[in-house]
Amino acid sequence: MRIATWNVNSIRSRQDHLLAWLERSRPDVVGLQETKVPDGDFPHDPLAALGYRAAVSGQKTYNGVALLSPHGLEDVRVGFSALLPGDAEAEALGEQRRVISAWVEGVRVVDLYVPNGSALDSDKYAYKLAWLGCLRRYLAVQRDQGEPLCVLGDFNIAPEARDLHDPAGQEGGIMASAAEREALRACLGDDLQDAFRLFEPDAGHWSWWDYRGGGWPRDRGWRIDHVYLCPLLQERAMGCRIDREERGRERPSDHAPVIVELADAPEEAEPEA
DNA sequence: ATGTCGCTAATGTAGCGA
């Protein structure tokens, strides 16, 4: 099973890239972020022509998430409120479309677009921390359901110094502050592991390069797009790679796709005769 | 640490968010 995440930075601007990438990569499920399109305008038809169905939660201009799969997307849940009914903060945070999940091929896939936060002294940063606090409650409920779990998306957080091209200049700043990292760690607990770090210990691997300041030509990137796996899925993990090639195309997204390969699920044990 | 991009309001370009 091939699972991917990609912040496309507008699905309408990136439609041709996305379609070509789906044909080449043929993921079994992909979580998209920053689709930037209301649900009524989502381009279902060209995706369906490639055999992909979509579950979407979008809005005009900002944010927006979607799950695509050629298999069934079952039990789709939109927003934090789907698992936190009656939670006023979950309801309020749901105005920004950043959370969608579905059951795909025996895996619960949760697709997230974590707020960027802008700057440490910004009210957007406070929003980011509050949002992560709500995510923690959401994932606690999700865990209690006992489903094989994959949490992926654009986290807008570099977990460690090795995920930054310039640790000396970036550690402690936005997307690399202790409070953000601790909030993320609290969401993940001891069980969810970053698939990329199951295979690659070194620095120098990025998933996002700022359009500004020659980020791509100078390879000044950050590793902020992640795929987290529960222990059951970690056992099945065969590899995780960042598809840098996409970032080098004409009119690219500023993010590259991240792709995880899982071995087939073990057969159910035969009942005793 | 800013050398860009995508969006929206609108027709020309500013403002916002990343």
Side-chain angles (χ1 to χ4, degrees), chain A residues 5-21 31-43 46 56-66 92-99 111-132 135 152-159 161 163-177 179-181 183-184 206-226 242-258:
Chain A
T5 179
W6 193 10
N7 180 324
V8 292
N9 186 19
S10 170
I11 194 167
R12 287 182 286 198
S13 288
R14 225 62 64 203
Q15 186 175 128
D16 292 347
H17 296 71
L18 176 61
L19 295 173
W21 177 81
L32 305 178
Q33 305 86 37
E34 287 204 87
T35 52
K36 298 187 179 179
V37 71
D39 293 350
D41 296 334
F42 192 90
V56 303
S57 179
Q59 65 185 98
K60 194 169 66 171
T61 314
Y62 307 118
N63 310 315
V65 285
L93 292 171
E95 262 183 52
Q96 298 189 13
R97 306 294 204 245
R98 297 176 177 277
V99 181
D111 178 29
L112 303 174
Y113 176 46
V114 177
N116 172 283
S118 189
L120 298 186
D121 60 358
S122 164
D123 53 4
K124 295 189 186 68
Y125 180 71
Y127 184 93
K128 182 180 196 174
L129 293 177
W131 194 94
L132 289 166
L135 176 63
L152 53 74
D154 174 1
F155 287 80
N156 274 131
I157 297 172
D163 302 310
L164 301 165
H165 70 266
D166 177 23
Q170 294 165 325
E171 279 282 281
I174 189 65
M175 300 193 287
S177 70
E180 291 165 78
R181 287 170 169 174
L184 176 57
W206 325 125
S207 67
W208 173 70
W209 296 257
D210 202 326
Y211 288 128
R212 299 165 294 182
W216 172 253
R218 298 176 178 204
D219 197 26
R220 295 183 178 175
W222 307 53
R223 197 179 67 84
I224 58 176
D225 300 271
H226 313 140
I242 300 170
D243 195 350
R244 286 175 56 104
E245 200 181 341
E246 283 305 314
R247 184 61 178 84
R249 297 191 189 285
E250 294 284 318
R251 294 174 55 81
S253 168
D254 43 354
H255 296 253
V258 181

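Everything numeric here is computed off the predicted structure, so don't read it as measured data. So that the names make sense, note that chain A is the first sequence line, chain B the second, and so on, each numbered from 1.
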If you check the R98(A) side chain, which of dA18(B), dA1(B), dC7(B) turns out closest? dA18(B)
side-chain contact (heavy atoms from CB on, under 4.5 Å) with N63(A): which residues, sequence neighbours excluded? Q59(A), Q96(A), R98(A), Y113(A)
Whole-Å gap separating C1' (dT4(B)) and NE2 (H255(A)): 13 Å
Would you measure the distance from the P atom in dG17(B) across to the matching atom in dA1(B) and give it in whole Å? 22 Å
DNA chain B nearest-nucleotide lookup for G169(A) and R14(A): closer to the 5′ end is G169(A)
Are R251(A) and dG6(B) close enough that a side-chain N or O sits under 4.0 Å from OP1 or OP2? yes
What class does the angle between the rings of F155(A) and H226(A) fall in, given that below 30° is parallel, 30 to 60° is tilted and above 60° is perpendicular? parallel
Lys/Arg N to Asp/Glu carboxylate O, E171(A) vs R181(A), below 4.0 Å: yes
Interatomic distance where CZ belongs to R12(A) and P belongs to dG6(B) [whole Å]: 13 Å
Given DNA chain B, 5'-ward residue of the pair P115(A) and P38(A), judged by closest heavy atom: P38(A)
side-chain hydrogen bond (donor to acceptor under 3.5 Å, both in side chains) test vs N9(A) passes for just one of K36(A), H255(A), Q33(A), namely K36(A)
Close N/O contacts between protein and nucleotides 9-17 of chain B (under 3.5 Å):
unit_1, atom_1, unit_2, atom_2, d
dA9(B), OP1, K60(A), NZ, 3.0

Do the ring planes of W222(A) and W208(A) sit parallel (below 30°), tilted (30 to 60°) or perpendicular (above 60°)? tilted
Rounded to whole angstrom, note down the C1' distance from dA14(B) over to dA10(B). 11 Å
Between P of dA18(B) and CG of D154(A), the distance in whole Å: 10 Å
pair V37(A)-R12(A): side-chain heavy atoms closer than 4.5 Å: yes
Whole-Å distance, R220(A) CZ to dT4(B) C1', equals 15 Å
Would you mind reading off the distance between D225(A) atom CG and dA18(B) atom P, rounded to a whole angstrom? 15 Å
Rounded to the Å, how far apart are Q15(A) CD and dC7(B) C1'? 17 Å
By the 4.0 Å heavy-atom rule, please label Q170(A) as base, sugar-phosphate, or nothing. base
Value in whole Å for how far the C1' atom of dT2(B) lies from CH2 of W216(A): 19 Å
Counterpart residues, side chain to side chain donor-acceptor pair (under 3.5 Å), relative to S207(A) (two or more places apart): D225(A)
Nucleotide dT4(B), atom P - distance to CD of E250(A) in whole Å: 15 Å
Say we look at dG6(B) and dT2(B): how far apart would their P atoms be, to the nearest angstrom? 22 Å
